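Taking it in order: structure first as structure tokens, then the write-up.
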Amino acid sequence: AGGRQGGEAVLGLDHLDAPRAQRARHGGAHEGCVVRDEHAQALVTPPIAWAEREAYFRQGLRVDPNSQNTRGFYAGLLLSAGRIDEAMIEEERSVALDPLSTGKTSVFAFIKFARGRQDGALDLIRRARSTRPAHPLAAHIHLTIATWGGRPKDGEALLSDPAFASVIA
């Protein structure tokens, strides 16, 4: 999803162009390209550059406060930085913008779990999996919440279900 603008090659606006953006940023096959999308820029910025990556996400959210993907990835950055309360707020906003997303709901359940809200997390992941039981991320998060949450019998029950086992294999 590239284009031309003002004589320069312009990278696409979705996060799937991150590998192209990475090459463009560091020369290579797309030398001379510019990264216009703050979300993509945040994804290609080195992982240790927390403040710089956060600034790109915030700038992207100023441009489009209703971008559920930018909010979700920003929540991931906040979670990685140990800012769980803020991550939970951003992921909740992401889910509110895309309530049918099994992936977003699953990540929100994991963040709730990380925050110590085990019962709410378990209810949320069960609800997410009820709509898409074969969703791999949801299955892994369900198993994680069950086993790490001190419910080994729930984890064993999940693993003994052939349908579940085939999803996480």
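Predicted model only: the values in this text are computed from it and were never measured. The first residue of the sequence shown is numbered 1, and numbering continues consecutively from there.
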Could you pull out all donor-acceptor pairs under 3.5 Å where a side-chain atom in residues 146-155 meets a protein atom, sequence neighbours excluded?
residue, atom, partner, partner atom, Å
Thr147, OG1, Leu143, O, 2.8
Arg151, NH2, Asp119, OD1, 2.7

Give the cluster check for [X] versus [Y]: same hydrophobic cluster or not, with ILVMFWY residues linked at side-chain heavy-atom distances below 4.5 Å.
{"X": "Trp50", "Y": "Phe57", "result": "yes"}
{"X": "Leu124", "Y": "Ile84", "result": "yes"}
{"X": "Leu137", "Y": "Phe73", "result": "no"}

Under 3.5 Å, side-chain donor or acceptor atoms of residues 88-96 against the rest of the protein: list the pairs with distances, not counting sequence neighbours.
residue, atom, partner, partner atom, Å
Glu90, OE1, Arg71, NH1, 2.5
Glu90, OE2, Arg71, NH1, 3.4
Glu90, OE2, Arg93, NH1, 3.0
Ser94, OG, Gln68, O, 2.9

* Determine, stepwise, if the pair Leu122 / His142 fulfils side-chain contact (heavy atoms from CB on, under 4.5 Å). => CA-CA 7 Å; Leu122 198 53; His142 192 175; 4.1 Å; yes
* Asked: Of all residues at least two apart in sequence or in a different chain, which pass the salt bridge (charged side-chain N to carboxylate O under 4.0 Å, His left out) check with Arg129?
  ->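 None.
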* **All salt bridge (charged side-chain N to carboxylate O under 4.0 Å, His left out) counterparts of Arg117, not counting sequence neighbours** =>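 Salt bridge (charged side-chain N to carboxylate O under 4.0 Å, His left out) list for Arg117, sorted by chain: empty.
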Do [X] and [Y] come close enough that some side-chain heavy atom pair is under 4.5 Å?
{"X": "Leu78", "Y": "Glu54", "answer": "yes"}
{"X": "Arg83", "Y": "Leu77", "answer": "no"}
{"X": "Leu61", "Y": "Asp64", "answer": "no"}

* Quick one: CG on Asp85 to CZ on Arg115, what's the gap to the nearest 0.5 Å? ->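 So the CG of Asp85 and the CZ of Arg115 are separated by 4.0 Å.
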* Asked: Hey, what do you get for CZ (Arg126) to CD1 (Ile145), rounding to the nearest 0.5 Å?
  ->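 Interatomic distance, Arg126 CZ to Ile145 CD1, rounded to 0.5 Å: 9.5 Å.
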Measure across [X] and [Y] and return the closest heavy-atom pair with its distance rounded to 0.1 Å.
{"X": "Ala114", "Y": "Leu79", "result": "CB-CD1, 4.5 Å"}
{"X": "Phe113", "Y": "Thr144", "result": "CZ-O, 4.4 Å"}
{"X": "Ala121", "Y": "Lys112", "result": "CB-CB, 4.1 Å"}

* To do: Quick one: do Asn69 and Lys104 satisfy side-chain contact (heavy atoms from CB on, under 4.5 Å)? Show the steps, please.
  => CA-CA 9 Å; Asn69 288 330; Lys104 289 179 187 0; 2.9 Å; yes
Could you pull out every donor-acceptor pair under 3.5 Å between side chains of residues 157-169 and any protein atom, sequence neighbours left out?
residue, atom, partner, partner atom, Å
Ser160, OG, Glu156, O, 3.3
Ser160, OG, Ala157, O, 3.0
Asp161, OD1, Ala163, N, 3.0
Ser166, OG, Ala163, O, 2.8

* Asked: Any side-chain donor paired with an acceptor under 3.5 Å for Arg53 and Tyr74?
  ->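 Side-chain D/A pair, Arg53 to Tyr74: absent.
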* Partners passing side-chain contact (heavy atoms from CB on, under 4.5 Å) against Thr102 (at least two apart in sequence or in another chain) ->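 Partners of Thr102 by the side-chain contact (heavy atoms from CB on, under 4.5 Å) criterion, ordered by chain and then number, come out as Ser106, Ala128, Thr131, Arg132, His135, Ala138.
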